[in-house]
Amino acid sequence: MKSTRTITTAIAMSLLAFGATAQEYSFRFQSSDPAGNPNFEYQVGWTEVLKEMTDGKVAVEMLPVGTIVDYKETLDAVGAGLIDGHICDTSYFAGKDPAFGLIANPVGAWSDPAQMIDFVENGGGAELMRELQEPYGVYFIGVSTPGLEAFVSKVPLDGVDDLKGVKMRSPEGPIANVFRAAGAAPVNLPASEVYTALDKGVIDAADYSVFSVNQEVGMNEIASHPVYPGFHSLPLVEVSMNKAKWEALPEDIQKAFYDSVKVFQETQVGGLMERDQAAVAAAEAEGITVHDWSAEERAKFRGLAQEEWKSLSEGSPMAQKVYETLTAYLTENGLLN
């Protein structure tokens, strides 16, 4: 008869063996968002969904922005194996190839997150992302987005013509160029100075963040004519990982990655949309006038943006390919009319 000590040791060894079998893959992903940010919390939630879908075989540690490398360096870091993957706004890599910026945030293209997601999943976007990332040793798994950014404004804006002469905060580059074409006067300010600049009348409007964030930080109180849903900016947020490590995974684990990213996407988009809608209701209750542009005005802004897309397309062969695929998708779906 075995002693109690022998039985206890055997159980302990079995548990250790089970634990080793249960967690077969361990990865570190870095986010382009800080800890505590709603986007980061959804990303942490994705790691939990993936773990559950794989019965504990896959564990992903989600690191906040800047933990290992700067947010603009994660593409190279993933390819080099310094981190295993990242979740970030693809436009951060526009300096490497304008195609990254064009596919990540074609100014004015999207009026709803579902449109951008369908382009990626069914309109050739995913294939373009994989071709873009191939030289870096990175593999694109799937897409999400925090949604359409709202537009902060102290003056009523109901269409493109109302942008004429408006002093507005905008980052330099494609977005500023399109607003300039619409007759606005873009000013490049850091995010930390936007509230004060609006409050003191240095600017009339601002490209800042999604509606709920704008509401939480008091932007809508001093600029009481926000535009929602936004008409200008909807970022493509990618979930990607080291290509060699991806290819080493068995098909069932790869499928779990695909499926869990889809859950993450639906949870983030739906959750932040609910958050925005609640913030809109709160703003309207405070007497803030929320402006929603008509489909015709959105199309007019998109028409101005097309010239900027074309300009970007001339920057590289891949940018041209993105431009052709994007405009074909928009045309086929009646979004350029």
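With sequence neighbours left out, Lys72 forms a salt bridge (charged side-chain N to carboxylate O under 4.0 Å, His left out) with no residue at all. The ring-ring contact (aromatic ring centres under 6.0 Å, His included) search around Tyr92 returns Tyr71, not counting sequence neighbours. Taking Glu73 as the reference, nothing meets the side-chain hydrogen bond (donor to acceptor under 3.5 Å, both in side chains) condition, with sequence neighbours excluded. Residues forming a ring-ring contact (aromatic ring centres under 6.0 Å, His included) with Phe27 (at least two apart in sequence, or on another chain): none. Annotation: ring-ring contact (aromatic ring centres under 6.0 Å, His included) contacts of Tyr139 (sequence neighbours excluded): Trp246.
Within the structure, the salt bridge (Lys or Arg N to Asp or Glu O under 4.0 Å) test picks out the following pairs touching residues 312-323 (sequence neighbours left out): Glu131-Lys321. Screening residues 139-157 for salt bridge (Lys or Arg N to Asp or Glu O under 4.0 Å), with sequence neighbours left out, gives no hits. Residue pairs that meet the side chain to side chain donor-acceptor pair (under 3.5 Å) test with at least one member in residues 166-185, sequence neighbours left out, are Asn177-Arg180, Asn177-Glu308. Within the structure, every pair that satisfies the salt bridge (Lys or Arg N to Asp or Glu O under 4.0 Å) test and touches residues 262-281, not counting sequence neighbours, is listed here: Glu121-Lys262, Glu216-Arg275. Annotation: salt bridge (Lys or Arg N to Asp or Glu O under 4.0 Å) contacts involving residues 239-250, sequence neighbours excluded, comprise Asp84-Lys245, Glu134-Lys243, Lys243-Glu247.
In this model, a donor atom of one side chain and an acceptor atom of the other lie less than 3.5 Å apart for Asn105 and Ser233. Using modelled atom types and a 3.5 Å distance limit, the side chains of Thr74 and Gln30 yield no donor-acceptor pair. Of the N and O atoms on the side chains of Trp46 and Ser260, at least one donor lies less than 3.5 Å from an acceptor on the other residue.
Met53 belongs to a hydrophobic cluster with Val49, Val263, counting contacts under 4.5 Å between side-chain heavy atoms of Ile, Leu, Val, Met, Phe, Trp and Tyr, direct or through other members.
Ring pair Phe231/Phe179 is perpendicular by interplanar angle, where above 60° counts as perpendicular and below 30° as parallel.
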List the atom pairs, with distances to 0.1 Å, where a side-chain N or O of residues 106-116 and a protein N or O form a donor-acceptor pair under 3.5 Å, not counting sequence neighbours.
from: Ser111; atom 1: OG; to: Arg302; atom 2: NH2; distance (Å): 3.1
from: Asp112; atom 1: OD1; to: Ala114; atom 2: N; distance (Å): 2.7
from: Gln115; atom 1: OE1; to: Ser111; atom 2: N; distance (Å): 2.8

